[in-house]
Colleague: 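This is the structure, below, for whatever I ask next.
Order of appearance sets the numbers: ligands from 1, and atoms from 1 within every ligand. None of the values given here were measured: they were computed from a predicted structure.
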Amino acid sequence: MHRIELTAEEVEQALPVVREALSRHGSVESPGFLEEATVYAHELPRRLRSFLNAFRLEEPSGVCVVAGYPVDDARIGPTPSDWRKPAEKSPPAAEEEVFLALCGSLLGDLFSWAHQRDGLICQDLVPIERDAGAMLGSGSALELVWHTEDARYSYRGDYIGLMCLRNPDAVPTTYASIDDIELDPERAAPLFEPRFVFRPDPSHPTDTGCERASILFGDPSSPYLRFDPYSMDRPEDEEARAAMDYLAGELDRRLTGVALRPGECLFIDNYKVVHGRSAFKARFDGTDRWLKRVNITRDLRRSRSARRGVAGRLVF
Ligand SMILES: O=C(O)CCC(=O)C(=O)O
Ligand SMILES: [Fe+2]
């Protein structure tokens, strides 16, 4: 796994940057913060910047971990019972949100979906009691089956950033990389053709329609991937169906996982890996698993027609 562990000196260098950004802007949701995030990120330790820069440009692996950020379990308070944030300006884990957002800003620009979770840029990924049996990030009793994040949407993120605040039962985030699969070109050929129907996954409203596209794209010898069988139609044509099953089987065989520890940030290349989460027994008592999540795009401009202004981060 591609991983960097911040040294004590590097943490000492990062903390004032995080605190200054927070005291100036109050929250990662502030438009001023989002505009300046990359500028603050330029002041993070060079070794960290270089690590994320290489992850972005060289694609050495489908996921990477930035470890070593100190999380004070007492200060962040109990795990929230819902994703809705309290109205107060600075939630207890505001500094952690800023650190995740700054690291993410070294990979691209943060954005969110207007129709998902009130358009929050940084979301709490916590088990919610009413969603226990749902196929959602807020579920728990069911395995969250692997998927490309927001696969149905062409403006989906290039990366997902997850920061762990608490994970007492070491519940893994699962993933499998297309790079680890040696595809048989003949069996995989239909996957490069727009023969597959992508539907909104359960985290999006169902009325956002469907999109027909290929599952694999880019360089045929080292392709990118867009795949979420749980929210796709089963193709009627035999050849496309067989190809889809072939790839799904290969990804199943390669599925591995990482149980994030407090302070670890996981960046997932949404073009290279599918990811999910194992099932777990939630407690719903304030001590549950708690991650923060951001969506990152390499090119905000691509979604310009779906955003309300040049600087807007909400994709409608
Ligand atoms: O909870 C996790 O580890 C991953 C959840 C997930 O797939 C997501 O937030 O998109
Ligand atoms: Fe996901």
Colleague: Output the list of atoms in ligand 1 that are nearer than 4.0 Å to some heavy atom of Glu149, sorted by atom number.
Modeller: 8 (C), 10 (O)
Colleague: For Asp228 and Trp146, work out which heavy atoms get closest and say how close.
Modeller: OD1-O, 4.2 Å
Colleague: Any idea which atoms of ligand 1 are less than 4.0 Å away from a heavy-atom of Arg293?
Modeller: 8 (C), 9 (O), 10 (O)
Colleague: Is the shortest distance from a Lys or Arg side-chain nitrogen in Asp299 or Arg304 to a carboxylate oxygen in the other one below 4.0 Å?
Modeller: no
Colleague: How many protein N, O or S atoms sit closer than 2.8 Å to the Fe ion (ligand 2)?
Modeller: 3
Colleague: Could you tell me whether Tyr159 and Phe267 have their ring centroids closer than 6.0 angstrom?
Modeller: no
Colleague: Salt bridge (Lys or Arg N to Asp or Glu O under 4.0 Å) with Arg166: which of Asp124, Asp288, Asp73?
Modeller: Asp73
Colleague: Tell me whether Glu239 is salt-bridged to Arg195, with the criterion being a basic N under 4.0 Å from an acidic carboxylate O.
Modeller: yes
Colleague: Looking at ligand 1, would Leu144 count as a contact under a 4.0 Å heavy-atom criterion?
Modeller: yes
Colleague: Can you find an N or O of Arg277 that's nearer than 3.5 Å to an N or O of ligand 1?
Modeller: no
Colleague: Who's the nearest protein heavy-atom neighbour of atom 4 (C) of ligand 1, and how far?
Modeller: Gly276 O, 3.9 Å
Colleague: Measure centre to centre between the rings of Trp113 and Phe316, then say whether the value is under 6.0 Å.
Modeller: no
Colleague: Can you name the atoms of ligand 1, numbered from 1 with element, that are less than 4.0 Å from a heavy atom of His275?
Modeller: 6 (C), 7 (O), 8 (C), 10 (O)
Colleague: If you measure from each heavy atom of Arg289 to ligand 1, is any distance below 4.0 Å?
Modeller: yes
Colleague: Is the positively charged end of Arg226 above the ring of Phe198, judged by distance under 6.0 angstrom from the centroid and angle within 45° of the axis?
Modeller: yes
Colleague: Using a strict 4.0 Å cut-off to heavy atoms of His147, name the atoms of ligand 1 that fall inside it.
Modeller: 7 (O), 10 (O)
Colleague: Should the proximity of Leu291 to ligand 1, defined as any heavy atom under 4.0 Å, be assigned to the side chain, the backbone, both, or neither?
Modeller: side chain
Colleague: Output yes when Glu95 and Arg19 qualify as a salt bridge under the 4.0 Å nitrogen-oxygen rule, no when they do not.
Modeller: yes
Colleague: State the atoms of ligand 1, each with its element, that fall below the 4.0 Å cut-off from a heavy-atom position in Thr173.
Modeller: 2 (C), 3 (O)
Colleague: Run the side-chain contact (heavy atoms from CB on, under 4.5 Å) check on Ser222 and Asp179 step by step: do they pass?
Modeller: CA-CA 7 Å; Ser222 175; Asp179 281 349; 4.0 Å; yes
Colleague: Report yes if the distance between the aromatic ring centroids of His204 and Tyr153 is under 6.0 Å, otherwise no.
Modeller: yes
Colleague: Show me which atoms of ligand 1 lie under 4.0 Å from any heavy atom of Leu125.
Modeller: 1 (O), 5 (C), 9 (O)
Colleague: Judged by atom type as modelled, is there a donor-acceptor pair below 3.5 Å linking the side chain of Thr7 to the main-chain atoms of Glu10?
Modeller: yes
